[in-house]
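Please read the structure below before turning to the comments.
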Amino acid sequence: MNRNLLPISLAFLCACGAAEDPSQPTSTAELERPTEVEMVAAMEAHYTSAILAHDALIQGKLDGFRARMTELDGHALPAEAPDSWKPFDVQLHAGAARASDAADLGTAASTMAAVALACGACHQSTVGGPVYPAPPPGKNAGNTRAEMRKHERAALLLWDGVTGPSEYGWRQGAEGMAATRIFGDAEAPAGTDPSLVEREAALRDLGEEAKTAVSLTDRAALYGQLLTTCGDCHQAVGVEFSQ
Ligand code: HEC
Ligand code: HEC
């Protein structure tokens, strides 16, 4: 699908260029574009619900995830948004609606991926979208908590990579994830449940795959799989999150 996005986005780029020249309105639809302020307000609402859904999924909290996605599904584009934006909005709402009754982490993650893809695809074709500041680098390597911050950062960079879309974010996130060590640099401590070690390895494998994924569709799918791996291990270990 993404192979087709480039020509589509170039077509939109031309349309957007024309629309941004106030002396040359080319159609009523473009005259009625939402204002910058309306668009930014709509995006803040999307962003907040979507990133909180992403966090809930990482934590393995399905109830919280479903609630955030229901919230996201309740947000609408400004009424004057051009028709060309609507398919992406429909895609976003379809993903969010499916999420509200996701019964397991895998299904939940595939809906999260669909939503992130809708964000990125719309930003790509409207030439709008966020400019993400780089998350702070992970500190204090060497213990589980600090290691966790590193791949938490990598997960955020991958989110930026898909939703931005950001080539830089994706590449940095993939590198970070491929180098993930949950149990420190050495082998996992003796007696660690082998299924946890497997999950740690799965994260690195997904990071390696992420390095070679090019299309936005493939990247969104990998991002979803990654979040499943996070949430699944946290559920298995019973990690308590403060928020
Ligand atoms: C239907 C198209 C569309 C969809 C879907 C969409 N966006 Fe946007 N987004 C835009 C446009 C257009 C802008 C640029 C707004 C502006 O600055 O005028 C934007 C801007 C943004 C910004 C920057 C706002 C600012 O403060 O300048 C963020 C953050 C954002 N989007 C996040 C998201 C997230 C997260 C999603 C998915 C959950 C999403 N968007 C889905 C069209 C979309
Ligand atoms: C192999 C199991 C495993 C996987 C996979 C895993 N985690 Fe964790 N995670 C843990 C454990 C164990 C803790 C508790 C660490 C502690 O309290 O020292 C934790 C804690 C965390 C914390 C809380 C850290 C803090 O300082 O409070 C965050 C955030 C986190 N993980 C993010 C992630 C993300 C993002 C992913 C997926 C990219 C992920 N984790 C994948 C086992 C895992």
Side-chain angles (χ1 to χ4, degrees), residues 12 16 20 33-55 57-60 68-69 72-73 75-78 81-93 95-96 112 114-132 138 140 143-160 162-164 173 176-177 180-184 188 192-204 206-207 223 225-243:
F12 277 122
C16 289
E20 274 162 23
R33 279 168 80 98
T35 64
E36 174 99 11
V37 171
E38 285 170 323
M39 217 36 229
V40 168
M43 283 308 130
E44 300 278 293
H46 275 151
Y47 183 81
T48 308
S49 308
I51 195 77
L52 290 172
H54 156 113
D55 289 349
L57 197 54
I58 284 176
Q59 298 178 2
R68 291 307 180 181
M69 286 300 222
L72 175 63
D73 195 23
H75 297 311
L77 271 184
D83 285 345
S84 58
W85 296 8
K86 306 240 159 96
F88 302 109
D89 191 52
V90 168
Q91 204 181 325
L92 183 142
H93 283 278
M112 188 75 236
V115 165
L117 180 61
C119 313
C122 190
H123 295 152
Q124 202 169 50
S125 47
T126 57
V127 203
V131 178
Y132 291 120
N140 310 325
N143 63 65
T144 310
R145 214 165 260 266
E147 284 305 312
M148 203 56 62
R149 292 235 167 77
K150 272 199 221 162
H151 64 265
E152 184 190 15
R153 174 172 184 269
L156 254 188
L157 283 164
L158 292 172
W159 156 266
D160 291 359
V162 177
T163 62
M177 204 58 83
T180 290
R181 294 276 164 193
I182 295 197
F183 303 107
T192 304
D193 179 342
S195 76
L196 299 187
V197 181
E198 276 166 32
R199 285 181 174 97
E200 183 197 31
L203 225 46
R204 281 196 296 272
L206 285 167
Y223 156 80
Q225 280 175 266
L226 259 162
L227 294 198
T228 322
T229 312
C230 317
D232 176 56
C233 188
H234 296 150
Q235 272 186 351
V237 181
V239 177
E240 297 281 341
F241 289 89
S242 44
Q243 32 117 24

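Positions are given from 1 along the sequence. When a ligand or atom number is given, it counts from 1 through the structure's own listing order. Bear in mind that the values here come from a model prediction, so they are computed numbers and not experimental data.
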Please could you name the atoms of ligand 1 that [X] approaches to less than 4.0 Å, counting only its heavy atoms?
{"X": "Ala50", "value": "38 (C)"}
{"X": "Glu44", "value": "26 (O)"}
{"X": "Val40", "value": "17 (O), 25 (C), 26 (O), 27 (O)"}
{"X": "Cys122", "value": "1 (C), 2 (C), 3 (C), 4 (C), 5 (C), 42 (C), 43 (C)"}

How does His123 reach ligand 1, if at all, at less than 4.0 Å between non-hydrogen atoms: by side chain, backbone, both, or neither?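 For His123, the contact with ligand 1 is made by the side chain alone.
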
Report the part of Cys119 in contact with ligand 1, treating N, CA, C, O as backbone and CB onward as side chain, heavy atoms under 4.0 Å; options are side chain, backbone, both, neither.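 The answer is both, backbone and side chain.
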
What atoms in ligand 2 come closer than 4.0 Å to a heavy atom of [X]?
{"X": "Glu152", "result": "29 (C), 35 (C)"}
{"X": "Thr229", "result": "5 (C)"}
{"X": "Leu196", "result": "1 (C)"}
{"X": "Met177", "result": "38 (C)"}

Non-hydrogen atoms of Thr163 versus ligand 1: any pair closer than 4.0 Å?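 It does not, in that no heavy atom of Thr163 comes within the 4.0 Å cut-off of ligand 1.
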
With a cut-off of 2.8 Å, does any N, O or S atom of Cys230 fall short of it relative to atom 8 (Fe) of ligand 2?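 So Cys230 does not count as coordinating atom 8 (Fe) of ligand 2.
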
So which of [options] gets nearest to [atom], if we judge by its closest heavy atom?
{"atom": "atom 35 (C) of ligand 2", "options": "Asp232, Ile58, Leu156", "value": "Ile58"}
{"atom": "atom 13 (C) of ligand 2", "options": "Leu206, Thr180, Val239", "value": "Val239"}
{"atom": "atom 11 (C) of ligand 1", "options": "Gln124, Met39, His93", "value": "Met39"}
{"atom": "atom 40 (N) of ligand 1", "options": "Met43, His46, Glu36", "value": "Met43"}

Under the side chain to side chain donor-acceptor pair (under 3.5 Å) rule, collect the residues that match up with Ser49, sequence neighbours excluded.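 Listed in chain order: Glu71, His75.
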
Among Leu157, Leu156, Val162, whose side-chain contact (heavy atoms from CB on, under 4.5 Å) with Trp159 holds?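 Result for side-chain contact (heavy atoms from CB on, under 4.5 Å) with Trp159: Leu156.
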
Distance-only, no hydrogens or angles: does the Glu44 side chain make a donor-acceptor pair with backbone N or O of Ala41 under 3.5 Å?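 Between the backbone of Ala41 and the side chain of Glu44 there is no qualifying donor-acceptor contact (under 3.5 Å).
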
Between Gln235 and Gly60 (side chain of the first, backbone of the second, donor and acceptor by atom type, cut-off under 3.5 Å), is there such a pair?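 The answer is yes, because a donor-acceptor pair under 3.5 Å joins these two groups.
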
Using 4.0 Å as the upper bound for N to carboxylate O, is an ion pair formed by Lys86 and Asp89?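 Judged by the 4.0 Å cut-off on N to carboxylate O distance, Asp89 and Lys86 do not form a salt bridge.
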
[X] versus [Y], closest heavy-atom pair with distance:
{"X": "Thr180", "Y": "Arg204", "answer": "O-NH1, 2.9 Å"}
{"X": "His93", "Y": "Leu72", "answer": "CE1-O, 3.8 Å"}
{"X": "Leu92", "Y": "Val115", "answer": "O-CG2, 3.8 Å"}

When you compare ligand 1 with Tyr47, is there at least one nitrogen or oxygen pair between them that comes in under 3.5 angstrom?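 The answer is no, given that Tyr47 and ligand 1 share no N or O pair closer than 3.5 Å.
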
Is the His54-Tyr223 ring centre distance short of 6.0 angstrom?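 When the ring centroids of His54 and Tyr223 are compared, they turn out to be within the sub-6.0 Å range.
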
Under 6.0 Å between ring centres, would you say that holds for His123 and Phe88?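 No, the ring of His123 stays outside the 6.0 Å limit from the ring of Phe88, centre to centre.
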
Using the salt bridge (charged side-chain N to carboxylate O under 4.0 Å, His left out) rule, collect all pairs that involve residues 226-241, keeping only residues at least two apart or in two chains.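 Matches after skipping sequence neighbours: Arg199-Asp232.
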
For ligand 2, find out whether one of its N or O atoms is nearer than 3.5 Å to an N or O atom of Arg199.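 N/O-N/O distance below 3.5 Å does not exist for this pair.
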
